[in-house]
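Worksheet: the structure to be examined is printed underneath.
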Amino acid sequence: MKLNIAIVGLGFGAEFIPIYQRHPNTNMYAICQRTEEKLNAIGDAFGIEKRYTSFEDLLADPAVDVVHINSPIHNHAEQSLKALNAGKHVACTVPMATSVEECKAIVEATRRTGKKYMMMETVVYSREFLYVKELYEKGELGKVQFLKASHQQDMDGWPGYWPGLPPMHYATHCVGPVAGLLKLQAEYVSCFGSGTIREELHQHYNSPFAIESAHIKFKDSDLSALVYRSLFDVARQYRESFEVYGSKKSFEWSLIEHEEHVVHTAKKPEAEIPEKVTVPDYAHYLPEEIQVFTTGGVYDTDENQHLSFLQGSGHGGSHPHLVHEFVSAIVEDRDPFPNAEQSANWTSVGILSHESALKGGEIIYIPDF
C-alpha cells in the first residue's frame with residue numbers, strides 16, 4: 001500500500017520530506033506553501049512535482065490521502081478540520097489546537113469521517129522516552145510513583161505570535177511524556193504562575209507569568225505529575241526533559257544538554273545508587289529505508305539549520321518514528337499513538353493550566369473527549 005502524502009508548511013515541515021520519500025508505504029506526492037519562491041525552491045531540491053500555494057486547492061486534489069500540517073500554531077485546528085472534512089488523514093505538529101472547543105471539534109471530526117488523526121508529539125518518540133518505556137515494560141522501574149517534565153526555552157526574538165505567549169499554551173512537549181508513558185488520561189490540573197515577564201510582552205496575551213508549573217492528576221490512577229514551562233526572562237539553557245520515579249529504578253534527565261542522564265537503583269549502597277547512562281538509539285524499530293533519519297536529517301548542514309530543530313537538539317531522533325507510527329496506523333487501520341482523544345487531552349492540559357494559573361491555582365477538570 002502506498003499513501004500519497006501532502007506536506008503543508010515547509011519550514012520545519014521540510015524535515016519530513018526525505019523520510020516520506022523513502023518510507024516503503026508512502027509516496028511524497030505534494031507540497032503546499034504560500035510563498036511561491038520557497039515552494040519552488042523546496043520542490044526543486046527534492047524533486048516534488050505537485051505544488052500548491054493554496055491549502056484549499058490541495059484538499060480538492062482527490063489523489064491526496066494524507067495531509068501533514070506544519071503551519072503556525074493558530075492554523076492547526078482550522079487546517080486539521082478542513083482536511084478531515086475533505087476526507088484526508090491528518091498528521092499535525094503540536095499543539096493540536098489553541099482552545100478546548102477546537103480540540104473537541106477535531107475529535108468529533110475523526111469520529112464522523114473515520115479518518116486517522118495524530119498529533120506529531122516528538123518527545124514520546126525520542127530515544128530517551130523509548131529507553132524509559134523499555135525499562136518500564138521490562139519491569140525494571142518497578143511501580144511508577146511520580147512523573148515530572150519541563151520545557152524551558154528562551155523565545156526572545158522569535159517572530160509572529162510567540163512574543164508573550166503564556167508558557168502553558170505550548171505544553172505538549174512536557175505533558176506528552178508524563179501522560180504517554182503509562183497511557184494515562186489527565187483528569188484535572190492545578191497550575192501556578194510565578195514571576196513576571198517584561199511589561200511590553202504582557203499585552204499580547206494578557207499573561208504576565210515567567211514560569212507556569214502545573215500539577216496533573218491522572219484519571220483512574222494513584223499517580224500525579226508536575227510539569228513546568230518558561231519562555232521569556234528566565235536564565236536557562238534549552239531543556240526538554242522528563243523524569244520518572246519508580247520503586248526499583250528512577251530516571252532523571254541531565255541538567256546540561258548532551259551530558260549523560262542518570263538512573264538511580266534502589267537498595268544499593270548510597271554511593272552506588274546513581275549511575276550515568278548512555279541512552280541508545282532505537283533505529284532498529286524502523287524500516288531499514290528510514291533508519292538513517294534517527295541521527296540525521298535535512299537540517300544537519302550549517303546553512304540549513306531550522307531554529308526549533310537546532311534548539312531542540314534534533315528532537316531526540318523522533319521524526320522517522322512519528323512518520324512510521326502514523327503511516328502504520330493507516331495501513332493497519334488502527335489508532336495511532338497519540339490518537340485524537342489523547343492529543344486533545346494533552347493539549348487541553350496546557351490550555352486549562354494557564355486558565356488555572358490566572359485563577360490562582362484553582363483546580364480545573366479536563367473535559368472527556
Polar side-chain atom of Q237 near backbone of E257 as donor-acceptor pair, under 3.5 Å: yes

Qualifying salt bridge (Lys or Arg N to Asp or Glu O under 4.0 Å) pairs, either residue in residues 168-184, two or more places apart: none

Sub-4.5 Å side-chain heavy-atom contact between P95 and I73: yes

Shared hydrophobic cluster, V234 / W253 (ILVMFWY, side-chain heavy atoms < 4.5 Å): no

E260 and T278: side chain donor to acceptor below 3.5 Å: yes

For H76, the option from T98, T93, V94 that meets side chain to side chain contact (heavy atoms under 4.5 Å, CB included): T93

Donor on one side chain, acceptor on other, S126 and S318, under 3.5 Å: no

Positive for side chain to side chain contact (heavy atoms under 4.5 Å, CB included) with L181, one of L147, L135, V124: L147

Short side-chain to backbone donor-acceptor contact, Q21 and F46, under 3.5 Å: yes

Point-to-point distance, once rounded to the nearest 0.5 Å, from CD of E101 to CD1 of I106: 12.0 Å

Under 3.5 Å donor-acceptor, S190 side chain and G361 backbone: yes

Aromatic plane relationship, Y170 with H173 - under 30° parallel, 30 to 60° tilted, over 60° perpendicular: perpendicular

Distance-only side-chain donor-acceptor flag, E128 / H261, under 3.5 Å: yes

Interatomic spacing from CD in E187 to OG in S224 - rounded to 0.5 Å: 12.0 Å

Flag for H202-E200: side-chain donor and acceptor within less than 3.5 Å: no

Pairwise side-chain contact, H315 with F12, heavy-atom cut-off 4.5 Å (strictly under): yes

Those residues that, when tested against E325, pass salt bridge (charged side-chain N to carboxylate O under 4.0 Å, His left out) (two or more places apart): R334

Ring centers of Y117, H89 separated by less than 6.0 Å: no

Distance, nearest 0.5 Å, that separates CZ of R112 from OG1 of T110: 9.0 Å

Donor-acceptor pair between S71 and Q79 side chains, under 3.5 angstrom: yes

W162 CH2 to H204 NE2 distance, which is reported to the nearest 0.5 Å: 14.0 Å

Salt-bridge contact E243-R239 (side-chain N to carboxylate O under 4.0 Å): yes

Carboxylate-amine/guanidinium proximity below 4.0 Å for K82 and E56: yes

Salt-bridge present (D368, K104; N to O < 4.0 Å): no

Residue pair T53 / E36, side-chain donor-acceptor N/O under 3.5 Å: no

Side chains of H284 and Q291, donor plus acceptor under 3.5 Å: no

Pairing of R51 and D44 as salt bridge, 4.0 angstrom limit: yes

Under 3.5 Å: donor-acceptor pair, side chain of S99, backbone of E102: yes

E134 versus Y136, side-chain donor and acceptor atoms under 3.5 Å: no

Sidechain N-carboxylate O distance under 4.0 Å for E341, R111: yes

Separation between NE2 of H68 and CD1 of I19, rounded to the nearest 0.5 Å: 9.0 Å

Under 3.5 Å side-chain donor-acceptor pair for D61 and Y52: yes

Parallel, tilted or perpendicular: rings of F16 and Y20 (30°, 60°): tilted

Pairwise distance NE2(H169) to CD(E355) - rounded to 0.5 angstrom: 8.0 Å

Ion pair check, E212 and R229, cut-off under 4.0 Å: no

NZ/NE/NH1/NH2 to OD/OE distance under 4.0 Å, D57 and K50: no

Donor-acceptor pair between N70 and E15 side chains, under 3.5 angstrom: no

Parallel, tilted or perpendicular: ring planes of F242 versus F251, cut at 30 and 60 degrees: tilted

Ion pair D65/K2, N-O distance below 4.0 Å: no

Ring geometry between Y188 and Y365 (parallel below 30°, tilted from 30 to 60°, perpendicular above 60°): tilted

Flag, side chain of Q33 to backbone of L10, donor-acceptor distance under 3.5 Å: yes

